[in-house]
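Report on the structure given below.
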Number of protein chains: 2
Amino acid sequence: MNVLEKIVNSVANFSKSERKVAEVILANPQTTIHSSIAALAKMADVSEPTVNRFCRRLDTKGFPDFKLHLAQSLANGTPYVNRHVEEEDGPEAYTAKIFESTMAALDSARHNVDINTINRAVDVLTQAKKISFFGLGASASVAHDAQNKFFRFNVPVVCFDDIVMQRMSAINSAEGDVVVCISHTGRTKNLCDIAAIARENDATVIGITAYDSPLARECTLVLSLDVPEDTDMYMPMASRVAQLVLIDILATGFTLRRGSKFRENLKKVKDSLRGSRFEKKDFPA
Amino acid sequence: MNVLEKIVNSVANFSKSERKVAEVILANPQTTIHSSIAALAKMADVSEPTVNRFCRRLDTKGFPDFKLHLAQSLANGTPYVNRHVEEEDGPEAYTAKIFESTMAALDSARHNVDINTINRAVDVLTQAKKISFFGLGASASVAHDAQNKFFRFNVPVVCFDDIVMQRMSAINSAEGDVVVCISHTGRTKNLCDIAAIARENDATVIGITAYDSPLARECTLVLSLDVPEDTDMYMPMASRVAQLVLIDILATGFTLRRGSKFRENLKKVKDSLRGSRFEKKDFPA
DNA sequence: AGCATATTTGTAATTTAATTACAATAAGTC
DNA sequence: GACTTATTGTAATTAAATTACAAATATGCT
């Protein structure tokens with residue numbers, strides 16, 4: 001657990017002098033990790049053993065060990081106290097906060113994602129006759145992204161962000177087809193219907209959605225991303241980024257499974273784009 | 001910079017004994033931060049001063065300082081040595097690598113993005129009569145995402161992923177209109193043309209693209225994201241995620257600038273979606 | 001209130017760890 | 001093969017952290 005948080009949480013158990021130490025550390029954490037115990041003691045106006053006792057109280061082996069823990073906490077860009085955008089935040093503040101909370105969300109997703117399911121999803125995808133990506137609203141752009149990725153693999157892939165098209169496509173699906181439904185909440189009614197229809201028509205349905213949601217129950221395979229809910233009223237940003245990363249992972253797994261010959265093919269697709277671009281030599285840095 | 005990387009990169013400048021130290025540290029970084037200089041020296045089968053010299057060579061003040069840096073590097077989920085997906089990687093490996101390299105890219109983008117330009121972009125966007133998002137190929141999904149975000153703000157916003165529509169839209173733009181062109185490389189010819197056309201018609205053109213690229217030169221304002229180039233042949237994943245985060249930042253800046261009354265309006269939009277969803281109570285966990 | 005106990009804090013001694021200075025060895029050069 | 005330079009290790013020194021103990025402060029009880 002983060003040492004900074006720990007200090008804040010256990011401030012109640014501290015004695016008067018220990019609290020002085022805590023204050024100084026919380027005020028200048030960066031300085032602390034480069035100070036000796038003597039220097040810190042002086043800053044907090046306490047004795048050296050007090051600082052040492054303070055460290056032990058936080059379940060560290062001593063001052064040097066404490067500094068190590070502190071350094072680790074600070075390394076994560078200090079996303080410790082409050083990383084939510086506030087009314088009065090300036091551009092630096094909200095930029096930093098959004099970057100940091102996105103990174104934190106990815107880290108959380110990384111630890112929660114089920115590798116086994118990913119592997120099975122890759123299995124299913126590699127054997128698919130046709131792959132369809134369906135998403136609505138904000139998830140539509142994720143579906144588009146997925147289509148773009150898999151399209152390069154020279155696999156029959158479609159993507160619809162329109163309920164009617166999705167429905168038609170789902171009805172026409174057959175065994176061997178894979179339908180990927182993307183929804184953060186997993187509560188979008190229309191998408192649940194479509195997942196059900198696809199399954200009735202023997203398609204394999206992969207859900208990139210919340211665990212145990214209505215949509216999840218309609219799916220053959222559920223890839224749930226446990227991202228800390230962004231409470232702000234704007235949009236579920238972090239979860240969408242996590243979804244994109246997940247799709248990238250599936251695509252990567254796909255290419256790896258297909259072997260090296262396949263990857264040469266990929267390079268061709270990439271090269272084919274060259275004609276539409278300015279060459280680097282045309283615009284030297 | 002990450003100490004682990006630094007060790008790997010500067011292994012050429014090391015002497016024989018120093019290399020031994022490097023190997024031991026790279027093999028057990030976690031052990032290292034809890035070892036004394038004597039213990040580490042013994043593990044690497046060198047003398048203590050050699051370890052100390054090793055630390056200094058990496059621009060640290062000494063062994064304790066080195067441990068601090070090492071601890072910080074390890075804190076970031078160890079995204080250090082080789083975070084590129086390899087042929088023989090299993091699901092755990094490539095999943096971890098993709099998450100980590102994405103996070104590393106975000107971190108890098110965070111440190112390189114120019115807050116000043118962000119602020120100016122927000123200025124421009126808040127005053128726009130109409131906002132258009134243009135992207136092609138992989139960047140199209142980013143444009144869609146942007147449209148989706150800004151649409152909620154009740155601002156006239158459009159998004160085209162089709163050259164012809166983009167062209168028509170660009171020609172019809174007028175003073176006060178803002179055109180946001182999204183391209184990772186900044187070398188897509190068609191998009192450069194469109195940026196030029198939009199500018200000729202007095203629109204403000206914001207580019208989310210590479211610094212000093214052909215597209216960048218056509219723009220009024222350039223938001224460049226310095227993301228470490230993903231060298232794999234698959235797709236520029238990391239940069240796209242960074243673009244999304246950037247757009248989220250712009251959207252956040254936008255809402256903050258508009259004040260609290262505006263944000264109540266946002267909540268209404270969100271509430272309006274409720275009808276299309278299953279309520280939580282319908283599906284208790 | 002006053003005594004006794006427990007807790008907190010600091011001083012000084014001790015121990016441990018890290019650094020420096022210097023000597024020896026190994027590597028490279030003419 | 002002798003000379004020079006770079007590398008490595010030994011031993012001494014210095015700095016830092018910890019421990020043991022004593023003083024001070026706070027707490028509880030009659």
Side-chain angles (χ1 to χ4, degrees), chain A residues 3 6-74, chain B residues 3 6-74:
Chain A
V3 189
K6 206 166 184 175
I7 295 176
V8 175
N9 292 339
S10 49
V11 78
N13 308 326
F14 289 155
S15 72
K16 213 194 306 174
S17 306
E18 283 169 343
R19 239 187 298 269
K20 284 203 274 182
V21 178
E23 273 172 41
V24 171
I25 292 172
L26 289 174
N28 346 19
Q30 204 61 50
T31 318
T32 304
I33 60 171
H34 292 115
S35 306
S36 69
I37 194 167
L40 185 61
K42 206 171 169 187
M43 277 199 276
D45 192 35
V46 296
S47 71
E48 302 183 21
T50 301
V51 175
N52 199 287
R53 281 186 284 260
F54 169 87
C55 297
R56 290 201 203 286
R57 195 173 291 274
L58 286 131
D59 300 314
T60 62
K61 288 172 78 179
F63 184 67
D65 188 45
F66 168 79
K67 284 207 291 187
L68 245 40
H69 283 263
L70 184 57
Q72 297 204 331
S73 304
L74 290 172
Chain B
V3 189
K6 207 167 184 174
I7 295 176
V8 176
N9 292 340
S10 49
V11 78
N13 308 325
F14 289 156
S15 71
K16 213 193 308 175
S17 307
E18 283 169 343
R19 239 185 299 268
K20 284 203 276 182
V21 178
E23 273 172 40
V24 172
I25 293 172
L26 289 174
N28 345 28
Q30 204 60 51
T31 319
T32 304
I33 59 171
H34 293 114
S35 306
S36 69
I37 194 167
L40 185 60
K42 207 172 170 184
M43 277 199 275
D45 192 35
V46 296
S47 71
E48 301 182 22
T50 301
V51 176
N52 199 288
R53 280 187 283 260
F54 169 88
C55 297
R56 289 197 202 287
R57 195 172 291 275
L58 287 131
D59 301 315
T60 62
K61 287 174 80 182
F63 184 68
D65 189 43
F66 169 79
K67 285 208 288 188
L68 245 40
H69 283 261
L70 184 58
Q72 298 205 332
S73 304
L74 290 170

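The figures here come from the full heavy-atom set of this structure, side chains too, leaving out hydrogens, waters and symmetry mates. Numbered from 1 within each chain, the chains take letters A, B, ... in sequence-line order.
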Candidate nucleotides [options], ranked by approach to the side chain of [X] - the nearest:
X: A:Ser15; options: C:dA17, C:dT8, C:dT20; answer: C:dT8
X: A:Ile37; options: C:dA18, D:dT19, D:dA17; answer: D:dA17
X: A:Phe63; options: C:dT20, D:dT8, D:dA17; answer: D:dA17
X: B:Pro49; options: D:dT18, C:dT19, D:dT10; answer: D:dT10

Nearest-0.5 Å distance that lies between atom [atom1] in [X] and atom [atom2] in [Y]:
X: A:Ile33; Y: A:Ile25; atom1: CD1; atom2: CD1; value: 11.5 Å
X: A:Asp59; Y: A:Phe66; atom1: CG; atom2: CZ; value: 12.0 Å
X: B:His69; Y: B:Leu58; atom1: NE2; atom2: CG; value: 10.0 Å

Rounded off to whole Å, could you give me the [atom1]-to-[atom2] distance for the [X] and [N] pair?
X: B:Leu68; N: C:dA17; atom1: CG; atom2: P; value: 18 Å
X: B:Lys67; N: D:dA17; atom1: NZ; atom2: C1'; value: 12 Å
X: A:Arg19; N: C:dT8; atom1: CZ; atom2: C1'; value: 12 Å
X: B:Glu48; N: D:dT7; atom1: CD; atom2: P; value: 21 Å
X: A:Phe54; N: C:dT8; atom1: CZ; atom2: C1'; value: 16 Å
X: A:Glu18; N: C:dT7; atom1: CD; atom2: P; value: 14 Å
X: A:Arg57; N: C:dT7; atom1: CZ; atom2: P; value: 11 Å
X: B:Asn52; N: D:dT14; atom1: CG; atom2: P; value: 17 Å

Would you say a side-chain N or O of [X] is under 4.0 Å from OP1 or OP2 of [N]?
X: B:Lys16; N: C:dA27; value: yes
X: B:Lys61; N: C:dA18; value: no
X: A:Thr50; N: C:dG10; value: yes

If you find the nucleotide of DNA chain D closest to A:Arg53 and the one closest to A:Ser35, which residue's nucleotide is nearer the 5' end?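 Closer to the 5' end of DNA chain D: A:Ser35.
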When you measure from the side chain of B:Lys67 to the backbone N and O of B:Ser35, does any donor-acceptor pair fall under 3.5 Å?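 Checking the backbone N and O of B:Ser35 against the side chain of B:Lys67, a donor-acceptor pair under 3.5 Å is found.
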Could you walk me through whether B:Phe54 and B:Thr50 pass the side chain to side chain contact (heavy atoms under 4.5 Å, CB included) check? CA-CA 6 Å; B:Phe54 169 88; B:Thr50 301; 5.7 Å; no
